Number of protein chains: 2
Amino acid sequence: MSVPQRTEPREALGGKAEAILAAAERAFLAGGYGAVSMDAIAREAGVSKATVYAHFSDKEELFGAVIAAVSERFGGFSALELDPRDIECSLITIANRFLALIMSPESIAVNRIIIGEVTRFPVLGAVFWEAGPERVRTQIETFLRRAAEIGSLAIDDARLAAEQFVSLVRGEIHLRRLLRLGPEGDAANLAVAAESAVETFLRAFRPAG
Amino acid sequence: MSVPQRTEPREALGGKAEAILAAAERAFLAGGYGAVSMDAIAREAGVSKATVYAHFSDKEELFGAVIAAVSERFGGFSALELDPRDIECSLITIANRFLALIMSPESIAVNRIIIGEVTRFPVLGAVFWEAGPERVRTQIETFLRRAAEIGSLAIDDARLAAEQFVSLVRGEIHLRRLLRLGPEGDAANLAVAAESAVETFLRAFRPAG
DNA sequence: GTCTATAATTGGATAGAC
DNA sequence: GTCTATCCAATTATAGAC
């Protein structure tokens, strides 16, 4: 399977190709790789199967294109504009953004499919990691470093602290959602989870005195 | 799909049934549900396909039997004999046991397949959660509660603290392993991860003074 | 590029003999 | 229970007309 590193924006593709990619994305994210047939994708896109094959050489390439496109969409996490002086408020904002990102139905679906298919398509792991978790952690790491420099936090290793922050915020709700346990949209619960995580993080990293 | 709640021990099954179940486990854990054919399982078990169907009514039932058997094998986590007075040492022991459990190739394979197939087989999520993460967290929660009672830790909500401990220890290495990033057996790295997590946890929950 | 129709293969499941 | 041989449905992929 080949995963295009930079996908053309969808507008640059022909109308049919765009429709096929969108249909494939919906189908794959909902059903996984193996359970979705090219027939179903063609039907959902409103084209014939031959047209699908005119744009994507085979099922694997189509799948790769979908994963690349979806992964790209998760690069939008930013923490740069937050004020490291108001540390608790900023961390809670970051935690809430992070949770909103990883708990969205789309993100959950992507996680499921990548984890489930990485044995068959080993490339997926790296593609997803670099487009998703790695970028997010870098953003948070940068914020923590700034906070440490001005004395808002007592952090020795900013990279490790960012890892731990992310892990604390993710908590067990993410895995529970991946396993389809518990409700889907529970926004109140997410806010509570974010606050608990930040509280513990601050107990560990707040400057002494 | 039906997931038998208590599986008969394998010795109680006939030799062929045992071989089939073992072969199916190897195949499913290595390749996932969709990518493994009944032909392949029969071949690996050294029997004909008809014999497979004589013991398991269809592919789904065989899969359910595999998942139930594997899940049962993850109930062995215990922290009851550890001494809550030597809190740092005990927590490091727990962290190392936990990491050894969740980072084992078998555990990783089970995680992948359950997360990947939970959309197709919604039962899997609950079966796995209760047999795995839930049991482990309960054990750790009990230990933390004992430690809090004797003043080794300053914990308000033991359940939440256990969640956070588990999340900190799991860190990002677990997801990286799920995605097939990084080396497989890196024991030294696991020990470092365990220590970092415990260090942060203790900074947050060590009694003041 | 796009369609209809079809080839070629795979894979789940079964019939029937022993 | 076990095997060989087979059925049948689904699925990937392509041929050929327009």
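Owing to the predicted nature of the structure, the values given are computational and were not obtained by experimental measurement. Each chain gets a letter, A, B and so on, in the order its sequence line appears, and its residues count up from 1.
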By the 4.0 Å heavy-atom rule, please label B/Val36 as base, sugar-phosphate, or nothing.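 It contacts sugar-phosphate atoms only.
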
Where the side chain of [X] is concerned, which of [options] is the nearest nucleotide?
X: B/Ser48; options: D/dA13, D/dT4, C/dC3; value: D/dT4
X: A/Lys16; options: D/dT14, C/dT2, D/dC3; value: C/dT2
X: B/Tyr53; options: D/dT14, C/dA13, D/dT11; value: C/dA13
X: B/Ala50; options: C/dT4, C/dA15, C/dA13; value: C/dA15

[X] [atom1] - [N] [atom2] separation (whole Å):
X: B/Asp58; N: C/dG11; atom1: CG; atom2: P; value: 17 Å
X: A/Met38; N: C/dC3; atom1: CE; atom2: P; value: 14 Å
X: A/Phe63; N: D/dT12; atom1: CZ; atom2: P; value: 13 Å
X: A/Lys59; N: D/dT14; atom1: NZ; atom2: P; value: 15 Å
X: A/Asp39; N: D/dA10; atom1: CG; atom2: P; value: 10 Å
X: B/Phe56; N: C/dA13; atom1: CZ; atom2: P; value: 14 Å
X: B/Ile20; N: D/dC3; atom1: CD1; atom2: P; value: 9 Å
X: B/Lys49; N: C/dG12; atom1: NZ; atom2: C1'; value: 6 Å

Centroid-to-centroid, B/Phe98 to B/Phe165, below 6.0 Å? no

Inspect the contact between A/Glu117 and B/Arg112 and indicate whether a charged nitrogen and a carboxylate oxygen are less than 4.0 angstrom apart.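 Judged by the 4.0 Å cut-off on N to carboxylate O distance, B/Arg112 and A/Glu117 do not form a salt bridge.
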
Check this for me, if you would: do B/Arg203 and B/Glu199 make a salt bridge, where the nitrogen-to-carboxylate-oxygen distance has to be below 4.0 angstrom?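 Answer for the salt bridge query: yes.
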
Under 4.0 Å from OP1 or OP2 of C/dC3: is there any side-chain N or O of A/Thr51 that close?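 So the side chain of A/Thr51 is within the cut-off, an N or O lying under 4.0 Å from OP1 or OP2 of C/dC3.
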
Using 0.5 Å steps for rounding, measure from the CG atom of B/Leu124 to the CG atom of A/Leu179.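 If we round to the nearest 0.5 Å, B/Leu124:CG and A/Leu179:CG are 9.0 Å apart.
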
B/Ser48 vs B/Thr51, side chain to side chain donor-acceptor pair (under 3.5 Å): CA-CA, chis, key distance, verdict: CA-CA 5 Å; B/Ser48 76; B/Thr51 303; 3.2 Å; yes

